[in-house]
Number of protein chains: 2
Amino acid sequence: MPREHKDPEEKIRERNIRLIIKAGIEIFSRKGYDGTRIAEIAEASGLPKANVYYYFSSKEQIYTAIIEHLLEGWDNALKYITADREPADAFRLYIRAKLDYTRKNIAESRLFASEIIQGARFLKKKDRQHIRDVTDKHVAVVEGWIAEGKILPVDPRHLFIMLWASTQFYADFEPIAADGLKKSRLKVEDYEMAAKTIAETVLRGVLPHA
Amino acid sequence: MPREHKDPEEKIRERNIRLIIKAGIEIFSRKGYDGTRIAEIAEASGLPKANVYYYFSSKEQIYTAIIEHLLEGWDNALKYITADREPADAFRLYIRAKLDYTRKNIAESRLFASEIIQGARFLKKKDRQHIRDVTDKHVAVVEGWIAEGKILPVDPRHLFIMLWASTQFYADFEPIAADGLKKSRLKVEDYEMAAKTIAETVLRGVLPHA
DNA sequence: TAGTAAGTTGACACTTTGGTCAGGTTTTGT
DNA sequence: ACAAAACCTGACCAAAGTGTCAACTTACTA
């Protein structure tokens, strides 16, 4: 067990932890929790295994640190659904931001997906609660729009699941998405086309008249 | 290595293989490939580990047998997109069938998702080709509908990804879907509501006038 | 610049795991 | 009933995995 350190802002410490987290994201995302070996994280981060254990007392601690870390980044893409925007703009921004974020953070996305598929074993209660709170807020906004007649009456929760699922898919299931698009790998243009298709379809699906 | 057997329809063999596959689906889906231990599959299937190895020569062989097995079942839900149907009916049937299949085969769905997230390491070339072929066929049908003016010009490939992603999500990411819906677990009604929302939204999104 | 805190690491202990095997029992065909 | 084929399994490896530790080096501080 590593000793308690005093914790001013240290240089070496920060750098090494960053390296470990970065390597961890990459490897956990490809191998899942159980499939990942600390030795591999050590190698990928350029540190000897024992040094990894100097900073983290267990595999689980590395993993949960990563989960914590990626949940922070998540929130940013989800801030576009606000009542003062027009629904069309809000959804378009949301879809683009989400696709952009997942494209630039594919490993994190997959790691999170892996964690959920395997039953959210290490996702803390407070983190799940946070996700629920954010969802509730967005749902309330959509319900407001429905009440104002700005969008058609559609179940907001299922609607968000649709958006989340559709945007997430390109990163999490890239091999299948690429096969479906007849590409060998996805490029930026594919993500742009995805944003366009999802936005157009969903907007026509929820906006009145049109 | 197990010897070659003559292979008439055997009773014991079939039963044991079925038990192993069944247990394997359950455990591989929860733990991923690397996280699964043969001993656990053995225990869950009620057979001693050595007996499992009597029927399968390696962990990988069990795993690929399962993948093969679930891809067969997959095709059935995907047969509803045919040119002689009206688009609205075809999409509705497709969405319902897909959600139904995933709901009744959650473990398989997750296993497949796990496999893809981890880079489709064991998905054979021919299986990927098969998926591509089926997609191509469906894409052609949708393109036909577009040419006839029966649906709006939308990228068929991204459209199918949207549908696949949305339907898949409820099974693969059940904890998150449940959180999003403010339920502790998903029930049949939730899947029905999902089908309704997805179908309504997408249909309004791709059908003309409406 | 001396002393202490922080960081580093090879080697090791212990456990788990995939896979093997030799010899046993049951089933099947004749 | 007999032999052959199919089936079963406890005991056993070698490899790989997690986590530990004592001794060493480097970095900071007064």
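In what follows, chains carry the letters A, B, and so on, assigned in the order in which the sequence lines appear, proteins first and then strands, with residues in each chain numbered from 1.
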Tell me which nucleotide among [options] gets nearest to the side chain of [X].
{"X": "A:Y54", "options": "D:dC7, D:dT18, C:dA6", "value": "C:dA6"}
{"X": "B:P48", "options": "D:dG10, D:dT18, C:dG19", "value": "D:dG10"}
{"X": "B:N16", "options": "D:dC8, C:dG18, D:dG19", "value": "D:dC8"}
{"X": "A:N51", "options": "C:dT8, C:dG18, C:dG10", "value": "C:dT8"}

Is there a side-chain polar atom (N or O) of A:R13 under 4.0 Å from OP1 or OP2 of C:dA6?
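No, because none of the side-chain N or O atoms of A:R13 sits under 4.0 Å from OP1 or OP2 of C:dA6.
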
For C:dT9, take OP1 and OP2 only and decide whether either is under 4.0 Å from a side-chain N or O of A:Y53.
no

Kindly check if the number of other-residue, nucleotide or ligand heavy atoms within 6.0 Å of OH (B:Y80) is above 12?
no

Taking atom CD of B:E200 as the centre, does the number of heavy atoms from other residues, nucleotides or ligands within less than 6.0 Å exceed 12?
yes

In whole Å, I'd like the distance from the [atom1] atom of [X] to the [atom2] atom of [N].
{"X": "B:I20", "N": "C:dG18", "atom1": "CD1", "atom2": "P", "result": "14 Å"}
{"X": "A:Q61", "N": "D:dT18", "atom1": "CD", "atom2": "C1'", "result": "14 Å"}
{"X": "A:Y63", "N": "D:dT18", "atom1": "OH", "atom2": "P", "result": "15 Å"}
{"X": "B:Y55", "N": "D:dA6", "atom1": "OH", "atom2": "C1'", "result": "8 Å"}
{"X": "A:I62", "N": "D:dT18", "atom1": "CD1", "atom2": "C1'", "result": "11 Å"}
{"X": "A:E40", "N": "D:dG17", "atom1": "CD", "atom2": "P", "result": "8 Å"}
{"X": "A:K49", "N": "D:dG19", "atom1": "NZ", "atom2": "C1'", "result": "7 Å"}
{"X": "B:L47", "N": "D:dT9", "atom1": "CG", "atom2": "P", "result": "7 Å"}

Non-neighbouring partners of B:Q118 that pass side-chain contact (heavy atoms from CB on, under 4.5 Å), sequence neighbours left out:
A:S114, A:Q118, B:D34, B:S114, B:R121

Below 6.0 angstrom between ring centroids: does that apply to B:Y94 and B:W164?
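Between B:W164 and B:Y94, which both carry aromatic rings, the centre distance is not below 6.0 Å.
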
Among residues 27-37 of chain A, which ones have heavy-atom contacts with DNA chain D below 4.0 Å?
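The answer is A:T36, A:R37.
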
Is it true that a side-chain atom of A:S29 and a backbone atom of A:E26 form a donor plus acceptor pair closer than 3.5 Å?
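At least one qualifying donor-acceptor pair exists.
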
Has the side chain of A:D155 got a donor or acceptor atom that lies under 3.5 Å from a matching backbone atom of A:H158?
yes

Applying salt bridge (charged side-chain N to carboxylate O under 4.0 Å, His left out) to B:D136 and not counting sequence neighbours gives A:K182, B:R157

Using a 4.0 Å heavy-atom cut-off to protein, can you give one letter per nucleotide of nucleotides 22-30 of chain D, 5' to 3': B if the base is in contact, S if only the sugar-phosphate is, - if neither?
---------

Describe the nucleic acid contact of A:K59 in one word from base, sugar-phosphate, nothing, applying a heavy-atom distance below 4.0 Å.
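Sugar-phosphate contact only.
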
Those residues at least two apart in sequence (or on a different chain) that pass side chain to side chain donor-acceptor pair (under 3.5 Å) with B:E40 are B:K31, B:R37

Test side chain to side chain donor-acceptor pair (under 3.5 Å) applied to B:D190 - qualifying residues, sequence neighbours left out:
B:K183

What is the minimum heavy-atom distance between B:Y53 and B:S58, and which atoms define it?
CE2-CA, 4.1 Å

